2 protein chains.
Amino acid sequence: MWRMPKLADHEERRALIVAALLRIAASRGLHAASMRTVAAEAGVSVSTVQYYFHTKEQLLFAGLQHQAEAVGRRIDAGLEASATAGVRDRLYAWLVQLIPVDEQQRASYTVFAAYHALALTDPALAELSYTRGSGELENVLRALLADAQQAGELSSARDVGAEAGNLLALATGLADSVMANMRGAEAAIALLHYQLDQLFDA
Amino acid sequence: MWRMPKLADHEERRALIVAALLRIAASRGLHAASMRTVAAEAGVSVSTVQYYFHTKEQLLFAGLQHQAEAVGRRIDAGLEASATAGVRDRLYAWLVQLIPVDEQQRASYTVFAAYHALALTDPALAELSYTRGSGELENVLRALLADAQQAGELSSARDVGAEAGNLLALATGLADSVMANMRGAEAAIALLHYQLDQLFDA
DNA sequence: GACCGTACAGTACAGTCGTACCATCAAAGC
DNA sequence: GCTTTGATGGTACGACTGTACTGTACGGTC
């Protein structure tokens with residue numbers, strides 16, 4: 001039996017365990033993520049999970065934090081990849097990251113939905129998930145729209161604040177509809193394109 | 001001690017227990033709804049809950065069904081109340097029902113979110129919640145928009161199918177943002193009005 | 001008035017939960 | 001080489017879970 005080197009990398013071990021937690025949450029639901037199932041999925045003992053996350057609450061918090069950071073990174077990456085494009089395309093590149101197109105993004109959304117539901121009845125979780133950067137997303141959109149307006153791409157009659165809020169809500173709602181199997185991801189993306197056309201062509 | 005009359009009204013007793021389940025789900029979360037807590041909340045014994053819902057799964061299903069019917073009734077009522085108004089106002093009356101404005105609607109949304117999250121990892125629940133009337137909502141919207149187009153209230157350049165989908169997604173996303181404390185219900189309603197203005201004034 | 005089915009209450013059981021505790025084993029410091 | 005300490009496994013405990021089983025009081029039927 002191979003043994004861990006003595007002074008373990010705490011960051012790495014915590015990441016290993018959190019990854020196991022998120023895999024279980026995505027496949028079997030957050031309610032199925034117990035100390036024992038997470039430990040088994042990570043290939044360690046329950047004591048090891050306890051060692052790095054003293055209580056289950058801390059483990060759950062770490063899972064949410066990890067998830068939020070991963071989503072944030074993905075969105076930023078999408079925006080940077082289109083840094084040289086026009087504002088409309090940059091807006092699209094940003095918003096389309098919210099639509100679950102592949103299995104990984106569906107898994108990500110599933111975990112997020114579970115935490116979201118939990119936060120609605122758990123004040124501690126709510127604070128962790130909402131105060132942290134929920135309004136930031138809208139600010140990024142607002143800045144992009146303001147750029148478009150200054151560049152003359154967007155009619156000055158539009159309210160950038162309202163448009164930013166509505167675009168974010170639209171993308172969120174479309175993501176919901178895809179997860180609920182109301183339509184495919186391609187259909188949701190087509191609807192997103194349609195809305196951006198209405199916004200920029202008028 | 002007062003006793004139940006012998007031949008009990010099954011509909012009524014089931015409704016009593018389901019109501020207790022939904023109260024717990026809204027206040028403490030669906031994970032806190034066990035056979036014992038539901039029984040205690042309903043003021044009956046665990047055996048009584050078992051008697052009317054043989055398994056916990058059946059109880060959960062009944063809870064979702066009850067919730068879906070309640071929401072459906074509320075939306076229909078909002079639409080009927082504005083039956084004599086113009087299409088734009090009817091559209092608004094319909095969509096605004098999705099925004100959680102009072103504590104009861106917040107509770108309703110909390111329960112729905114919990115079931116939604118559960119359904120993402122439970123095929124049986126998913127079938128019950130999605131195949132049943134998720135596309136119907138969009139059809140109602142589409143019909144309203146088609147009416148508006150025929151009446152000349154809405155530009156014929158608009159794609160009623162896309163607009164219906166996007167309006168529903170927008171309302172869903174706005175409801176999300178209100179629940180996440182990103183903004184108040186009034187702000188969400190203002191955004192909804194803004195979008196309808198864009199749709200009908202252009 | 002005997003009998004049967006309905007509508008409960010109480011309880012027991014096997015399993016899982018989070019967590020606390022103890023043992024161990026390898027590396028580091030002296 | 002011995003001791004200390006970081007990292008881990010194993011296990012036990014009390015609480016809680018869903019469900020099965022048993023008992024029993026009442027209403028309706030004959």
Side-chain angles (χ1 to χ4, degrees), chain A residues 1-25 27-64 114-115 118 121-122 124-125, chain B residues 1-25 27-64 114-115 118 121-122 124-125:
Chain A
M1 187 62 183
W2 180 82
R3 297 202 157 272
M4 251 327 201
K6 233 30 215 284
L7 291 180
D9 182 340
H10 276 229
E11 277 315 308
E12 181 193 347
R13 303 242 78 198
R14 286 170 61 94
L16 176 81
I17 295 168
V18 166
L21 162 69
L22 296 180
R23 278 199 302 275
I24 291 180
S27 60
R28 287 187 280 159
L30 202 51
H31 64 275
S34 70
M35 292 287 144
R36 291 178 230 278
T37 58
V38 169
E41 174 75 25
V44 299
S45 70
V46 180
S47 306
T48 301
V49 177
Q50 271 188 287
Y51 184 74
Y52 290 101
F53 305 92
H54 200 250
T55 67
K56 186 186 182 181
E57 195 181 34
Q58 292 183 21
L59 175 60
L60 285 179
F61 284 6
L64 176 56
Y115 273 109
L118 217 55
T121 53
D122 184 334
L125 255 182
Chain B
M1 189 62 186
W2 179 82
R3 296 200 158 274
M4 250 324 196
K6 232 35 217 266
L7 290 180
D9 182 340
H10 276 227
E11 276 317 306
E12 182 194 346
R13 302 243 81 198
R14 286 171 61 93
L16 175 82
I17 295 169
V18 166
L21 162 69
L22 295 180
R23 277 199 303 277
I24 291 179
S27 59
R28 287 188 281 158
L30 202 51
H31 63 275
S34 70
M35 293 284 146
R36 286 165 175 68
T37 57
V38 169
E41 173 75 25
V44 299
S45 70
V46 180
S47 305
T48 301
V49 178
Q50 272 190 288
Y51 183 75
Y52 289 101
F53 305 92
H54 200 250
T55 67
K56 188 188 182 183
E57 195 180 35
Q58 291 183 21
L59 174 61
L60 285 180
F61 283 6
L64 175 56
Y115 273 109
L118 217 55
T121 53
D122 184 334
L125 257 182

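Given the structure is predicted, the values throughout are model-derived calculations rather than measurements.
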Start with the C-alpha distance between H31(B) and L30(A), add both sets of side-chain angles, then the distance that settles side-chain contact (heavy atoms from CB on, under 4.5 Å), and finish with yes or no. CA-CA 10 Å; H31(B) 63 275; L30(A) 202 51; over 6 Å; no
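- Ranking dA9(C), dT8(D), dT17(D) by closeness to the R36(B) side chain, first place goes to dT17(D).
- Note that CG of L16(B) and CD of E41(B) are 9.5 Å apart. Values are rounded to the nearest 0.5 Å.
- When the P atom of dG9(D) is taken as reference, atom CD of Q50(A) falls 12 Å away, rounded to whole Å.
- Distance L59(A) CG to dC17(C) C1': 14 Å, rounded to the nearest Å.
- Taking atom CZ of residue R13(B) and atom C1' of nucleotide dT6(C), one finds them 13 Å apart after rounding to whole Å.
- Counting any heavy atom pair closer than 4.0 Å across all strands shown, F53(B) reaches no nucleic acid atom.
- The nearest heavy atom of DNA chain D to S47(A) and to Y51(A) marks one nucleotide each, and the one closer to the 5' end goes with Y51(A).
- Among the atoms of the strands shown, only primed sugar atoms or phosphate atoms (P, OP1, OP2) are found under 4.0 Å from some heavy atom of H10(A).
- Distance from the side chain of H54(A) is smallest to dA20(C) among dG18(C), dA20(C), dG18(D).
- Considering only heavy atoms from C-beta on, L60(B) stays 4.5 Å or farther from F53(B) through its side chain.
- Close to dG18(D), at under 4.0 Å from its OP1 or OP2, lies no side-chain N or O of T55(B).
- The nearest whole Å value for the distance from the CG atom in D9(B) to the C1' atom in dC8(C) is 16 Å.
- Look at CE on M35(A): it is 17 Å from C1' on dG14(D), rounded to the nearest Å.
- Closest approach of Y115(B) and L64(B) over heavy atoms only: OH-N, 3.4 Å.
- For the pair V38(B)/K56(B), no side-chain contact is recorded, criterion being any heavy-atom separation below 4.5 Å from C-beta on.
- Protein atom CD of E57(A) is 14 Å distant from nucleotide atom C1' of dT19(C), rounded to whole Å.
- Residue S45(B) is classed as a base contact, given a heavy-atom separation below 4.0 Å to a base.
- In this structure, R28(B) places its CZ atom 12 Å from P of dC16(D), rounding to the nearest Å.
- With distances taken from any side-chain atom of T48(B) to the nucleotides dT19(C), dT17(D), dA9(C), the minimum falls on dA9(C).
- Following rounding to the nearest Å, Q58(A) (CD) and dG18(C) (P) show an atom-to-atom distance of 14 Å.
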